[in-house]
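Just so you know, these numbers use all the heavy atoms, side chains as well, and skip hydrogens, waters and symmetry mates.
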Amino acid sequence: MLTRFLKSREAILTGVLLALLALIAIRAPEFVAPGNLANVLNDSAPLIILALGQMAVIVTRCIDLSVAANLALCGMVAAMLNAALPGVPIIAILLLVVVLGAALGSINGLLVWKLDIPPIVVTLGTMTIFRGVIFLISKGQWVNAHEMSAVFKAFPRAQILGLPVLTWCAILTAGAFLLLISRTPLGRAFFATGGNPRAAVYAGINTGRTQFAAFTLSGALAGLTGYLWVSRYAVAYVDIASGFELDVVAACVIGGVSIAGGIGSVGGAVLGALFLGTIKNALPVVNISPFWQMAISGSAILIAVAFNARANRRQGRVILKSAEHAA
Amino acid sequence: MTDTAATERHIPDRLSRPGVRLLRSWEALLLIVAVLIFTANSFASPYFLDAWNLSDATFNFTEKAMIGFAMALLIVSGEIDLSVAAIIALASTAMGAAVQAGAGTPELLAIGLGVGLLCGTFNAVFVTVLGLPSIVVTIGTMSLFRGLSSIVLGDQAYGGYPADFAWFGQGYVWWVFSVELVLFALLAVGFGALLHLTNFGRAVYAIGNNQTAALFSGIRVRRVKFLLFLMTGLMSGLAAICLTSRLGSTRPTIALGWELEVVTMVVLGGVNILGGSGTIPGVVIAAFVMGLVTFGLGLLNVPGIVMQVFIGLLLIGVIALPRLWSRIGARRR
Amino acid sequence: MTAQQAPLADAAMPQPLLALEDVTKTFPGVVALDGVRLELHAGEVTALVGENGAGKSTLVKVLTGIYQPDGGRILLDGRPVAFRTAHHAAAAGITAIHQETVLFDDLTVAENIFIGHAPRTRFGLIDIGAMQARARELLDGIGARIDPAARLRDLGIASKHLVAIARALSIDARVVIMDEPTAALSHKEIAELYELVEQLKAQGKAILFISHKFDEVFRISDRFTVFRDGQFIAEGRTADVTEDDLVRLMVGRAVDQIFPKRPAAIGDPILTVAGYSHPTEFEDIGFSLRRGEILGFYGLVGAGRSEVMQALFGITRPAKGAVRIDGKVRVIRSPAEAIAQGIVYVPEDRGSQGAIIGLPIFQNVTLPSLARTSRHGFLRLAREFALTREYTGRLDLRAAALDQDVGTLSGGNQQKVVIAKWLATRPKVIILDEPTKGIDIGSKAAVHAFMSELAGQGLSVIMVSSEIPEVLGMSDRVIVMREGRIVAELEGEELTPETLVRHAAGISEAAG
């Protein structure tokens, strides 16, 4: 069991992450203080949540580039609702954004499932449509901190057992995903659909419906993150989280999720997100311009994908019996 | 048993006259759409039917279409390049930096095209030599190229381009025909000829339809794909020159989101996103359609972000509607 | 069960557990099952015997709900049933070990076995403990020492096959279908599989056993059914027939009627291969091909014949060995180089490797010959049409026009387009891999006649085929391969169906 872990992607990523922290600690020891690490975790929470949803989508051989726009739209709806009706309880807002996000995600899923349109085209399209819709409903106006109720803004910051609710959301999502992925038929169907669609049909799995489920799940998580984002930063406007979908995909790719489908793990996605979150937080601390961040995530994607391809190179068919036994 | 040697049945070369086929094509439908939009625009705004206004409208698509032509070939071959807008940003930043160092127009041209070519090579190596999926590679290089640009540029802007450099984006060859429009026309003819009239173009279609069968037929698949990525990079470099020249400055947000518009243009032009089919004339008409929509909405004071909604709907709609149509047709039968 | 010398259709026979009546399945251009019948009885093993293309795999897919038949009935306990998905078939108690392992490389062994029907806990979650325990039971039951928690990717082919068997047994089935279950197994594992089959019989399950290996069929089956070209040919008790009887029923038709092989003048060797080896696929392949000769390559599926041919065509690289063309040593690194050297390969998998179905006929035909039809890299359509007309005409292609998409043609006509494509390159050596697999009789005859004509004109042909009549009818000489090696080279009098089958399956001479 231990040797298997040591050889796994998660072990390598953990090693890389620790090395990165050590490197940062040399120049800025205060960065690795527990309090600051908790901050890094909290800052990475939205990325962790979205990366998990994205992982489910990518594992089924799809991709969801609309998550950031979905997040922004749900966030705007939550903010406008709060500004208009401050009395609506947080639980209702949470429910609303999750349902709305899931509905937006299911649009992607339906187009992929029922009309067989390539996921990249669908989500490139819905990405711009969602952004446009934000503009239409908000008329391009910002919802600012003073328009939001105190409860609305306080929720993600509330401390439970020493950690903010935002962090807890990421932890709970990761926990739920662990169960979903390894302990439910749907979770297994994600992997079967992406790993070998033909064999999935042989096993009686409806691959299109499985992809639809993945998109809906990713959308629901984007909706949830939308509220958390808007309330944490206490502002909502058309362009929040612009380009964040790339960070999300990057976190997955770095976490060893194969874009060809069928391969990925909760640990990998979380570690990938933490890796990017750590870099983002560390750059100012070690006096590197934050403008470096984008280039670094780009390079990380390229290195990770090249590395994944090498690790997953499949073997050919073996005909010679002697060769198989020798191998 | 059939007598094989003696009786040779006559099989005609073509099923229907080329004209008939043309009438039923996607391009014809698109052309009708373009005419309708044109008519609608001319009724909606009194300023539309003016030679100079129309000429201005072409700037909405000329630079994107330059990349679109190369992207069309790339998508027909079954690959994609999402880094094109980032290449523009990097090439423009490099030109801006060169201007600060005192470079003249010839150097700027070389730098713009050179950076484009270099970026294209970078993508090509990852996809064809290392055999990685182009969509992930170019999402990565999209971050990398724009990241490099933002490292150099920060939140500053470059300006001060030489006066004669402005010719590419602001000059006119004759009357209302801008340099960019002429370049667009020449490239349309060039890429159209390359895709439709040469062995290379035939190989592109073969690869996009069935890569294995193409390889088995002696097509050098990797070489063809390598060249396509180079071309896309080069065209992005050219677009960077035109755009930078037209704007007269390089800002961090230059060409932001253009990869989406280029892909939309290509798909709207009838190129199958999964590869294997599509034409350059289709992309040309799609460029005009998108230009007209943007310009018309602009005359009606519709903000840019709402135009994006139209473009997104257009992208999904043009793919979804034919599929929906055939599905309904199949159910009726 | 005592051996009861029953006539073929005994009225006193108990009702079959599963019966197929007049089942038909057609695909565009080919009738895969043409009104076949089949009966499976509780507590008995029925062997389904037939050549490649006889319709056995299609039958398995019909029985497991992957394909829906176009006609006929499936009766379970005498009642008609329909399986719309794999789930329905499994729920009805039909399970299959498929020929190709349809498993998931990145899931664990236990997950592979139980995907779709995993044991659940009270909360509806998959019970991993129970799943692994039951997986271990199932694997132990078939004598496989495989860790249920291991990732499938890390297993060898034989182990994967055992997992597939365990998966089939994990469904509480009444009917177990085994499609070539021993193809990838060692002797010891095969012995354990036989034991398992006996156990399943004792439990009253009906077993359909599909195999090319006659010793297996005789060792294990109680009854047999023979299919040929998608049609039902015969059934009966295995004890009542001999190996020779079965071979005759399988091969059937009078061999010399269909195959118009004309004697051709055979010249000097044009292609010589020596010591050709690949790390995992074939070893020490040596043969020579002479001008005007048709050289047959016979063997069971997976014997490594296609792999040798693909190496000759530059798709894979062999580790060792020399290829001489016209006496000169040549190294071929890509299909483009092979074509330049005059060697062409018509692949077995027409849909994915041969025809480009989205492109018109003429563009398919001229693809490898564009250098000849074009000028300075520019296409010349008139020349392309002329070249296409020349070669498709000789093959008696049936099409509405030469700019029709290949995908709209029947299988036989698609194959003619593919062969025309290769002939248009004017090769010295043409390698045909299963040239008539899955095409109709008429197209087959056209392809055979044309092969003969080509050989007569001095072209050398290598024909990889698993169809005995085709091999016997067309070849001047036959090389038999088994497990990646050449096991026999047969000519003249030695060329009989029996010798081919014996060498390919590894049956000793004494057995006959």
Between [X] and [Y], what is the shortest heavy-atom contact and its length?
X        : Y        : result
A/Ile259 : B/Pro133 : CG2-CG, 3.3 Å
B/Ser143 : A/Leu246 : OG-CD1, 4.5 Å
A/Pro118 : B/Leu274 : CG-CD2, 3.6 Å
B/Leu132 : A/Ala306 : CD1-CA, 3.8 Å
B/Leu144 : A/Ala295 : CD1-O, 3.6 Å

Interchain contact, [X] with chain B, by part (heavy-atom threshold 4.5 Å):
X        : result
A/Ile303 : neither
A/Val253 : side chain
A/Ser242 : neither
A/Val133 : backbone
A/Leu136 : side chain
A/Ile134 : neither

Output the distance between atom [atom1] ([X]) and atom [atom2] ([Y]), rounded to the nearest 0.5 Å.
X        : Y        : atom1 : atom2 : result
B/Met307 : A/Phe135 : CE    : CZ    : 10.5 Å
A/Thr128 : B/Ile305 : OG1   : CD1   : 9.0 Å
B/Ile316 : A/Leu115 : CD1   : CG    : 10.0 Å
A/Ile296 : B/Ile151 : CD1   : CD1   : 7.0 Å

Problem set entry | Winner by heavy-atom pair count (cut-off under 4.5 Å) against chain B, out of A/Val305, A/Ile117, A/Leu65 |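 Of the options given, most contacts go to A/Ile117.
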Problem set entry | Residues A/Ile301, B/Ile139; criterion side-chain contact (heavy atoms from CB on, under 4.5 Å); working and verdict | CA-CA 8 Å; A/Ile301 296 178; B/Ile139 283 180; 4.2 Å; yes
For this session: Mark yes or no for whether B/Ser150, through its side chain, and A/Phe291, through its backbone, hold a donor-acceptor pair below 3.5 Å.
Result: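 Between the backbone of A/Phe291 and the side chain of B/Ser150 there is a qualifying donor-acceptor contact (under 3.5 Å).
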Problem set entry | Donor-acceptor contact present, side-chain B/Arg323 to main-chain A/Asp116, <3.5 Å | yes
So what's closer than 4.5 Å to chain A heavy atoms on [X]: side chain, backbone, both or neither?
X        : result
B/Leu314 : neither
B/Pro252 : neither
B/Leu82  : side chain

Exercise. Yes or no on side-chain contact (heavy atoms from CB on, under 4.5 Å) for A/Ile129 and B/Leu313, after CA distance, side-chain angles and deciding distance?
Worked result: CA-CA 7 Å; A/Ile129 295 171; B/Leu313 285 173; 3.6 Å; yes
